[in-house]
Amino acid sequence: MRLNFREFGGGQPLIILHGLFGSSDNWLGVAPKLAEGFHVFLLDLRNHGQSPHSGEMTYPQMAADVVEFLGARKLKSAMVLGHSLGGKAAMQLALDFPAQVEKLIVADMSPRAYPPEYEGYFQALLALDLKKFRSRQPMEEALAPAIPALAVRRFLLKNLGHRSDGNYYWKINLRGIYENYPHLCEAMASEKSFIKPALFISGGKSDYILETDKPRIRALFPRARFETIPDAGHWLQADAPAEFVRVVTTFLTTDEH
């Protein structure tokens, strides 16, 4: 599983993992700022972006994909930042391969189980007959009843590719992700803990990390610290990019013993 990636800057490696339906593109807004102090690698997780497709998609597999990426780049270890789905993949990586993770940052995600809140998105996207469309706007309109927010529809449709014959296609493995979606919603299970520094950043307008999640987080990540960005929702890096970069950089550059 050779993951597609983008890289910026130099210095200590920082791996960034995107969320569900996302790609490395989602991080282009903050990557240049983070690259002022780090060698930033933006990865496309399996079945996302331009990475290979697979019928299997579990958090242990996604963690192993990142380890394979580190080996291919001859990187012994890295700082790791994951958002949402990528946050769970980053947690799994830290728990399964602690030697490869120097510090862990999880953006607006907890290790608990989540309800399948994106079931409707999957159903609407899978129902689109792409052969019938010659531009994106009619697709945006067709998705409106199931997905009212225009910004969300446009975000999801960024996963479309456009062939030279005028036909659209899904760059992501939409069906494969959907078939694995129940597993992706499950709570993380591990008998191990990650004893290096970890930071969990939540959005003040988001309910993805609850106060009741913190005991489980501390059980798995005993050195976990918590930060809240008050004016951000789930998409921290998009809602408050400057504050997000500040919080991340401060954590990564602070010596902890």
Side-chain angles (χ1 to χ4, degrees), residues 14-22 26-27 30 43 45-46 48 57-66 79-98 100-122 152 177 180-240 243-244 247-248 250-252 256:
L14 170 62
I15 303 289
I16 300 181
L17 308 177
H18 61 79
L20 184 67
F21 300 116
N26 303 151
W27 290 86
V30 298
L43 274 56
L45 295 170
R46 63 167 58 202
H48 287 74
M57 188 177 180
T58 66
Y59 290 115
Q61 287 169 330
M62 286 187 274
D65 292 345
V66 179
M79 313 283 201
V80 179
L81 187 168
H83 170 250
S84 200
L85 172 80
K88 273 196 171 178
M91 285 186 260
Q92 193 76 58
L93 174 67
L95 293 167
D96 289 354
F97 303 95
Q100 274 74 46
V101 180
E102 294 301 320
K103 286 186 175 183
L104 171 69
I105 300 177
V106 178
D108 215 46
M109 200 63 173
S110 147
R112 66 176 159 93
Y114 285 83
E117 61 182 295
Y118 298 118
E119 175 75 24
Y121 289 8
F122 279 111
V152 174
I177 300 170
N180 285 276
Y181 185 48
H183 303 303
L184 302 179
C185 293
E186 292 174 354
M188 298 183 61
S190 178
E191 301 301 317
K192 299 170 282 187
S193 61
F194 178 73
I195 60 173
K196 296 179 187 176
L199 175 66
F200 286 72
I201 312 173
S202 58
K205 299 177 180 178
S206 171
D207 60 1
Y208 271 72
I209 298 179
L210 303 173
E211 198 64 31
T212 51
D213 295 330
K214 292 183 178 179
R216 178 59 178 159
I217 291 173
R218 290 193 177 100
L220 292 172
F221 306 96
R223 296 177 66 184
R225 290 172 41 198
F226 298 90
E227 291 264 5
T228 299
I229 299 179
D231 294 330
H234 184 54
W235 289 90
L236 304 161
Q237 77 278 15
D239 293 344
E243 180 65 4
F244 182 80
V247 169
V248 168
T250 299
F251 173 71
L252 293 180
E256 299 188 38

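Sequence positions, counted from 1, serve as the residue numbers for this chain. Side chains are part of it too, since the values below use all heavy atoms of this structure and drop only hydrogens, waters and symmetry mates.
- Nearest heavy atoms, Gly22 versus His48: O-CD2, 3.5 Å.
- Of all non-hydrogen atoms in Ser193 and Ala219, the two that sit nearest each other are CB-O, 3.6 Å.
- Within the 6.0 Å centre-distance limit, the rings of Phe21 and Phe122 are counted as a close aromatic pair.
- A pairwise comparison of heavy atoms in Gly233 and Asp239 identifies N-OD2, 2.8 Å as the closest pair.
- Sparse packing is recorded around CD of Glu211, with 12 or fewer heavy atoms of other residues, nucleotides or ligands lying under 6.0 Å away.
- Note on ring orientation: taking the six-membered ring where Trp is involved, the planes of His83 and Trp235 are tilted (angle from 30° to 60°).
- Remark: the backbone N or O of Tyr181 is not paired with any side-chain donor or acceptor of His183 at under 3.5 angstrom.
- Here the CG atom belonging to Leu17 is positioned 7.5 Å from the CG atom belonging to Leu93, to the nearest 0.5 angstrom.
- Distance CD1/Ile209 to OG/Ser202: 5.0 Å, rounded to 0.5 Å.
- The closest donor-acceptor contact from the side chain of Tyr114 to the backbone of Met109 lies at 3.5 Å or more, if one exists at all.
- A distance of 7.0 Å separates CE of Met91 from CD1 of Ile217, quoted to the nearest 0.5 Å.
- Within the 3.5 Å criterion, the main-chain N or O of Tyr208 finds a donor-acceptor partner in the side chain of Arg112.
- For the pair His18 (side chain) and Leu45 (backbone), a donor-acceptor distance under 3.5 Å is present.
- One finds the CE atom of Met57 at 9.0 Å from the CG atom of Asp65 (value rounded to the nearest 0.5 Å).
- The minimum heavy-atom distance linking Leu252 with Lys103 is given by the pair O-NZ, 3.6 Å.
- In this structure, Trp27 and Leu81 have side chains that are in contact, with non-hydrogen atoms separated by less than 4.5 Å.
- Val247 is listed as a side-chain neighbour of Leu199, based on a closest heavy-atom distance under 4.5 Å.
- No side-chain heavy atom of Met79 sits under 4.5 Å from any side-chain heavy atom of Ile105.
- Heavy atoms only, all atoms of each residue included: Ala90 and Val80 are closest at CB-CG1, 3.7 Å.
- For the pair Leu184/Lys88, no side-chain contact is recorded, criterion being any heavy-atom separation below 4.5 Å from C-beta on.
- The side-chain heavy atoms of Met62 and Gln92, taken from C-beta on, include no pair separated by under 4.5 Å.
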Worked verdict on Phe221 versus Val106 for side chain to side chain contact (heavy atoms under 4.5 Å, CB included): CA-CA 11 Å; Phe221 306 96; Val106 178; 6.0 Å; no
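- Counting only heavy atoms from C-beta outward, the side chains of Lys196 and Leu104 never approach each other to under 4.5 Å.
- Here Asp108 contributes atom CG and Gln237 contributes atom CD; the two are 10.0 Å apart, rounded to the nearest 0.5 Å.
- In this structure, the separation between CD1 on Ile201 and CD on Glu243 is 9.5 Å, given to the nearest 0.5 Å.
- Remark: Ile195 CD1 is loosely packed, at most 12 non-hydrogen atoms of other residues, nucleotides or ligands lying under 6.0 Å away.
- Tyr59 has its side chain out of reach of Glu186: every pair of non-hydrogen atoms, C-beta onward, lies at least 4.5 Å apart.
- Inter-residue side-chain proximity for Leu20 and Ser84 is flagged as unmet; no heavy-atom pair is nearer than 4.5 Å.
- Closest approach of Ala89 to Ala63, counting heavy atoms only: O-CB, 4.3 Å.
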